[in-house]
Amino acid sequence: MDATPTTINRLCDHVGKSVTLSGWVYKTRSSGKVAFIVLRDGTGLCQCVLEKNEQTESFFGDVKKLAQESAIVITGEARAEERAVGGHELQATAVDIVDAAHDYPITPKPHGTEFLMERRHLWFRSQRQWHILRIRATVVDAIRRFFNDNKYVLIDTPIFAPAAGEGAQTLFEVDYFGDPVYLAQTGQLYVEAACMAHGKVYCFGPTFRAEKSKTRRHLTEFWMVEPEIAFASLTDVIDVAEEFICSIVQRVLKDHREELIELGRNIEELEAIKKPFFRLTYSEVADILHGPKAKELLENDLKVKTARIEELDGKIEELDAVAKSNVKQWQKDKAAAEVIEAREERSELQEQVTNIPHHMDLAANFEWGSDLGGSDETIISRLHDRPVFVSHYPRDVKAFYMRQDRDDARLVENFDLLAPQGFGEIIGGSAREEELDRLVARMEEEHLPQSDYEWYLDLRRYGSVPHGGFGLGVERTIAWLCGLKHIRETIPFPRMMGKFYP
RNA sequence: UCCCCGAUAGCUCAAUUGGUAGAGCGAGCGGCUGUUAACCGCUAGGUCGUAGGUUCGAAUCCUACUCGGGGAGCCA
């Protein structure tokens with residue numbers, strides 16, 4: 001009987017027929033005369049059953065001993081089986097060992113992040129990482145599709161940039177044949193030039209920021225998509241951002257419901273992401289921070305988290321008792337594993353609880369004129385179940401190219417988008433200053449050398465029009481969509497402060 | 001740049017609070033025909049991050065350093 005080569009995700013089309021799968025051993029279990037090999041082939045997982053009989057006797061022993069991540073080609077009959085992952089399994093009749101692996105470091109047991117990050121090149125074979133990177137691929141496709149379908153023209157902006165786009169302290173300097181140039185922090189200035197040629201444009205690529213931030217929200221190399229629209233007001237740009245986020249959320253819900261559930265993401269929360277989003281001004285946000293709602297939220301937090309810590313203390317004590325009592329070994333193991341988990345949750349909560357009074361202080365004493373801090377954003381974001389646009393910040397804390405509010409000279413026409421449930425900022429955008437004189441004056445205030453920006457000022461000399469755009473951080477968006485607490489899992493090979501291996 | 005926490009077997013963690021270093025997983029060997037983090041038995045595996053100090057005695061206390069984690073500032 002000839003076997004048809006196929007992949008695990010197509011197994012349902014071959015029930016009752018002989019097929020061949022090529023992949024890697026994800027895990028194995030065996031008894032004396034039957035072995036189960038869970039195979040991983042890049043499209044999914046499949047349990048392969050190997051029984052010891054005349055047909056398999058010659059290789060049964062070798063296959064039974066196959067270690068994790070060994071590469072094999074396996075032939076057998078596909079059949080539906082409720083007990084197996086994915087609902088199908090393979091009754092194996094022949095196994096060809098391509099490469100027998102030894103001592104694969106990442107076991108089905110828990111590992112620490114340092115250990116896993118050092119082995120990132122292997123880690124993303126694991127299910128959870130595999131799901132996340134698949135969702136990333138879809139998010140990237142959804143981004144491109146949104147702009148392409150809406151007739152934006154893709155403009156690739158340079159990575160070697162002669163001058164700063166944002167803060168000058170966060171630049172990576174590179175020696176460019178003896179001259180200093182910088183890795184791009186944004187393509188925005190270039191995309192502004194392009195929108196005067198094409199009307200609606202976007203750039204999409206990696207950006208680099210030498211921020212000395214070791215937090216769960218920061219990478220030194222991350223991907224950003226930046227649309228720019230000619231003849232657009234601030235409201236027009238915000239409308240686009242709203243439509244854009246909705247389209248990404250819908251697409252991920254449509255294509256990856258299973259993966260999101262697997263990752264433990266609350267689906268209802270994502271389904272609630274619909275127009276209209278909340279639109280607040282910076283001044284309104286300042287009022288909220290000073291007001292009773294913010295205080296209540298944090299006070300309630302303090303209560304809930306303190307109660308949870310007490311609950312965990314009780315649980316830890318109970319589990320400890322179980323682990324030391326006279327029960328089966330596996331029950332002890334389970335209890336011990338739960339203790340570790342509970343302790344982790346406890347220490348995280350403890351830190352949050354310690355920070356709450358400080359955050360309350362920051363919110364209550366928030367001064368009009370300073371930028372919103374991380375904790376302030378979290379408060380606003382947590383008070384809303386849909387994303388929140390915050391607009392009209394004080395111009396002193398914002399970039400030189402942002403358009404001055406014509407009704408209130410203290411403000412600029414900018415906005416941030418805060419993802420809900422405390423995830424925080426995923427978009428920053430603005431209307432751009434289109435008047436040459438105002439722009440030059442602002443650059444002088446910031447002590448920016450006009451000579452570096454002559455080309456940019458040309459855009460205001462020859463047919464300058466109102467325009468604007470925004471930048472979306474791809475990794476932060478993925479972290480929010482997947483419900484991940486750390487951004488490092490959203491990119492195949494994360495670059496962080498002090499970390500660039502592998 | 002600053003603040004907090006951590007480093008014990010290949011991995012994840014213990015060590016009754018200063019008194020001879022332990023378990024599970026993984027690895028090796030053996031057993032088991034339906035397992036799902038399989039199970040059962042045996043074996044091997046450690047200069048307790050580094051360097052000093054306190055002490056009769058240090059994984060445990062002190063100091064410095066290195067590395068890692070979280071946060072502040074700044075940001076997508």
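Any value given below was found using the heavy atoms of this structure, including those in side chains, with hydrogens, waters and symmetry copies removed. No experiment lies behind these values; they were computed from the predicted model shown. Numbered from 1 within each chain, the chains take letters A, B, ... in sequence-line order.
Within the 4.0 angstrom heavy-atom criterion, only backbone atoms of the sugar-phosphate kind lie near A:Arg488; the bases stay farther away.
As the counterpart of B:U17, no nucleotide is assigned, since no Watson-Crick or G-U wobble pattern has both distances under 3.5 Å.
For A:Glu89 and B:G34, a side-chain-to-base donor-acceptor distance below 3.5 Å is present, hydrogens and geometry of angles not being considered. A donor N or O paired with an acceptor N or O is found under 3.5 Å between the base of B:C75 and the side-chain atoms of A:Arg476. Applying the 3.5 Å distance criterion, the base of B:C75 shares a donor-acceptor pair with the side chain of A:His218. Applying the 3.5 Å distance criterion, the base of B:C39 shares no donor-acceptor pair with the side chain of A:Arg29.
In this structure, A:His358 atom NE2 and B:G70 atom C1' are separated by 14 Å, rounded to whole Å. The CZ-C1' distance, from A:Phe36 to B:U33, rounds to 8 Å in whole Å. The interatomic distance linking A:Phe208 (CZ) with B:A76 (P) rounds to 16 Å, in whole Å.
Straight-line distance between the P atoms of B:A27 and B:A21: roughly 28 Å, to the nearest whole Å. Between B:G18 and B:C48, the two C1' atoms lie 15 Å apart (nearest whole Å). One C1' atom belongs to B:G73, the other to B:C65, and the distance between them is 26 Å to the nearest Å.
Using a 4.0 Å cut-off between charged nitrogen and carboxylate oxygen, A:Arg279 and A:Asp239 count as a salt-bridge pair. The pair A:Glu433-A:Arg442 fails the salt-bridge criterion, with no side-chain N (NZ, NE, NH1 or NH2) lying under 4.0 Å from an Asp/Glu carboxylate O.
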